[in-house]
**Student:** 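The following block contains the structure, expressed as C-alpha cells.
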Amino acid sequence: MIELIELKAACNGVLRALRPEMKIYGPDTTGALDRPSFYTEIVPYSTVYLTKNTAKQSCGFKISLMEETTNEVFELTLLAAIRRAFGLKLDVAERKITISSVESEYTGSKNDVFQITIKMEWYDTITEAEKHGLMMEVQYRQKVNGG
C-alpha cells in the first residue's frame, strides 16, 4: 500500500530535480519563507473500497508558488515545466501512479499566489497477510497396498 508520505516525497523529488535552486516548504514550516519557493501539501480526496482486497485512492498534490511579486510569464512557464516533469505517471515506491489532471489557479487573500494542483489516483491492495503460527509438528500416515 502506498503511504501519503511516500507520495509527497516523490512529488517533492520531481520539483527538486526541476528547480534545485528553489526551497520547498510544507505545512510544518514556521517562520518566513525564502522567495521564490514552493509550498507543497498533499490533500487526500478519497479511498473507495472496491472489494475486501482492493481500494481506489485519490489525492491532490498542491504546489503554491511563493513569489516576491506575481509574474505571469514565470508562472505559466513553470506550469508547463511541471506538467512535463510529472508526465502521465509518477514513480512511487516501485509503482506508477496515474496523473489524472494538472490544474492551476490563483489563491491567497489578494488572489496573488499561483497554485498548481496535480490530481492522482491509484489502486491499492488492502489485504493483510493472515497470521498463522509456526508449524511445530507434522503427522502423516501412509497406506500400503498388499499385492
Side-chain angles (χ1 to χ4, degrees), residues 1-140:
M1 189 157 149
I2 293 177
E3 299 297 336
L4 294 179
I5 193 75
E6 295 171 310
L7 190 63
K8 184 167 185 186
C11 291
N12 281 346
V14 172
L15 284 182
R16 200 168 281 113
L18 183 65
R19 297 301 299 251
E21 76 283 3
M22 293 176 65
K23 290 188 178 180
I24 300 173
Y25 299 100
D28 54 353
T29 301
T30 58
L33 307 178
D34 290 343
R35 293 169 189 258
S37 61
F38 298 115
Y39 178 91
T40 66
E41 59 187 314
I42 289 286
V43 180
Y45 293 147
S46 68
T47 300
V48 178
Y49 298 104
L50 303 172
T51 69
K52 72 178 191 171
N53 299 321
T54 308
K56 180 179 180 182
Q57 300 208 58
S58 62
C59 74
F61 178 63
K62 290 192 179 282
I63 306 164
S64 299
L65 178 59
M66 311 308 289
E67 301 175 275
E68 289 295 335
T69 57
T70 303
N71 179 339
E72 185 179 31
V73 171
F74 177 65
E75 294 159 356
L76 295 177
T77 302
L78 184 63
L79 174 62
I82 287 173
R83 274 192 182 130
R84 283 189 304 274
F86 275 85
L88 298 175
K89 300 283 183 183
L90 174 67
D91 291 326
V92 180
E94 299 178 8
R95 300 221 4 233
K96 300 242 185 239
I97 303 301
T98 301
I99 305 295
S100 54
S101 69
V102 178
E103 302 169 5
S104 64
E105 65 181 333
Y106 286 95
T107 186
S109 60
K110 298 177 184 173
N111 239 13
D112 60 347
V113 177
F114 187 67
Q115 189 172 73
I116 300 167
T117 302
I118 299 169
K119 294 183 178 178
M120 298 168 259
E121 54 189 22
W122 68 97
Y123 292 90
D124 260 329
T125 301
I126 55 176
T127 305
E128 292 187 24
E130 293 183 26
K131 296 176 184 170
H132 296 286
L134 181 62
M135 186 183 323
M136 303 302 284
E137 183 179 319
V138 176
Q139 294 181 0
Y140 67 95

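A quick note: this is a predicted structure, and the numbers were derived from the prediction, not measured.
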**Student:** Looking only at heavy atoms, what is the nearest atom pair of T117 and G60, with distance?
**Tutor:** CG2-CA, 4.4 Å
**Student:** Between G108 and V113, which heavy-atom pair has the shortest distance, and what is it?
**Tutor:** CA-CG2, 4.4 Å
**Student:** Please name all residues satisfying side chain to side chain donor-acceptor pair (under 3.5 Å) with T77, sequence neighbours left out, ordered by chain then number.
**Tutor:** none
**Student:** Return the set of residues passing ring-ring contact (aromatic ring centres under 6.0 Å, His included) with F114 (not counting sequence neighbours), or none when no residue passes.
**Tutor:** Y106
**Student:** Between atom CZ of R83 and atom CD1 of I116, what is the distance when rounded to the nearest 0.5 Å?
**Tutor:** 8.5 Å
**Student:** Just so I know, are the side chains of V102 and L79 near enough to count as touching, which here means a heavy-atom distance under 4.5 Å?
**Tutor:** yes
**Student:** Identify the two heavy atoms, one from K8 and one from T40, that lie closest to each other, and give their separation to 0.1 Å.
**Tutor:** NZ-O, 3.0 Å
**Student:** Is it true that, when you exclude E72 itself, more than 12 heavy atoms of the residues, nucleotides or ligands shown sit nearer than 6.0 Å to its CD?
**Tutor:** no
**Student:** Rounded at 0.5 Å granularity, tell me how far CZ in R19 sits from CD1 in I82.
**Tutor:** 9.0 Å
**Student:** Looking at NZ of K56 and OG1 of T47, how far apart are the two atoms once the value is rounded to the nearest 0.5 Å?
**Tutor:** 11.5 Å
**Student:** If we ignore hydrogens and angles and just use 3.5 Å, is the side chain of T70 paired with the main-chain N or O of D112 as donor and acceptor?
**Tutor:** yes
**Student:** How long is the span from the CD1 atom in I97 to the CG atom in L88, to the nearest 0.5 Å?
**Tutor:** 13.5 Å
**Student:** Only pairs at least two apart or in different chains count here, so list each ring-ring contact (aromatic ring centres under 6.0 Å, His included) that has a residue in residues 31-57.
**Tutor:** none
**Student:** Taking side chain as C-beta onward, heavy atoms only, is S104 less than 4.5 Å from E75?
**Tutor:** no
**Student:** For D34, is there any backbone N or O sitting under 3.5 Å from a side-chain donor or acceptor partner on Y25?
**Tutor:** yes
**Student:** Enumerate the salt bridge (charged side-chain N to carboxylate O under 4.0 Å, His left out) contacts for residues 35-55, please, sequence neighbours excluded, ordered by first and then second residue.
**Tutor:** none
**Student:** Do W122 and V92 touch side chain to side chain, with heavy atoms closer than 4.5 Å?
**Tutor:** no
**Student:** With a 4.5 Å cut-off on side-chain heavy atoms, are P44 and L4 touching?
**Tutor:** yes
**Student:** Return the set of residues passing side chain to side chain contact (heavy atoms under 4.5 Å, CB included) with T51 (not counting sequence neighbours), or none when no residue passes.
**Tutor:** N53, T54
**Student:** Closest approach of L33 and S37, non-hydrogen atoms and distance?
**Tutor:** CB-OG, 4.2 Å
**Student:** Just how far is it from atom CE of M22 to atom CD of E67, taken to the nearest 0.5 Å?
**Tutor:** 7.5 Å
**Student:** Do K89 and T98 have a side chain donor and acceptor closer than 3.5 Å?
**Tutor:** yes
**Student:** Within the 4.5 Å heavy-atom criterion, are L90 and F61 side-chain neighbours or not?
**Tutor:** no
**Student:** Which value, rounded to the nearest 0.5 Å, describes the distance between I24 atom CD1 and T29 atom OG1?
**Tutor:** 10.5 Å
**Student:** Report the residues that fulfil side chain to side chain contact (heavy atoms under 4.5 Å, CB included) with S101, sequence neighbours left out, ordered by chain and then residue number.
**Tutor:** E103, K119
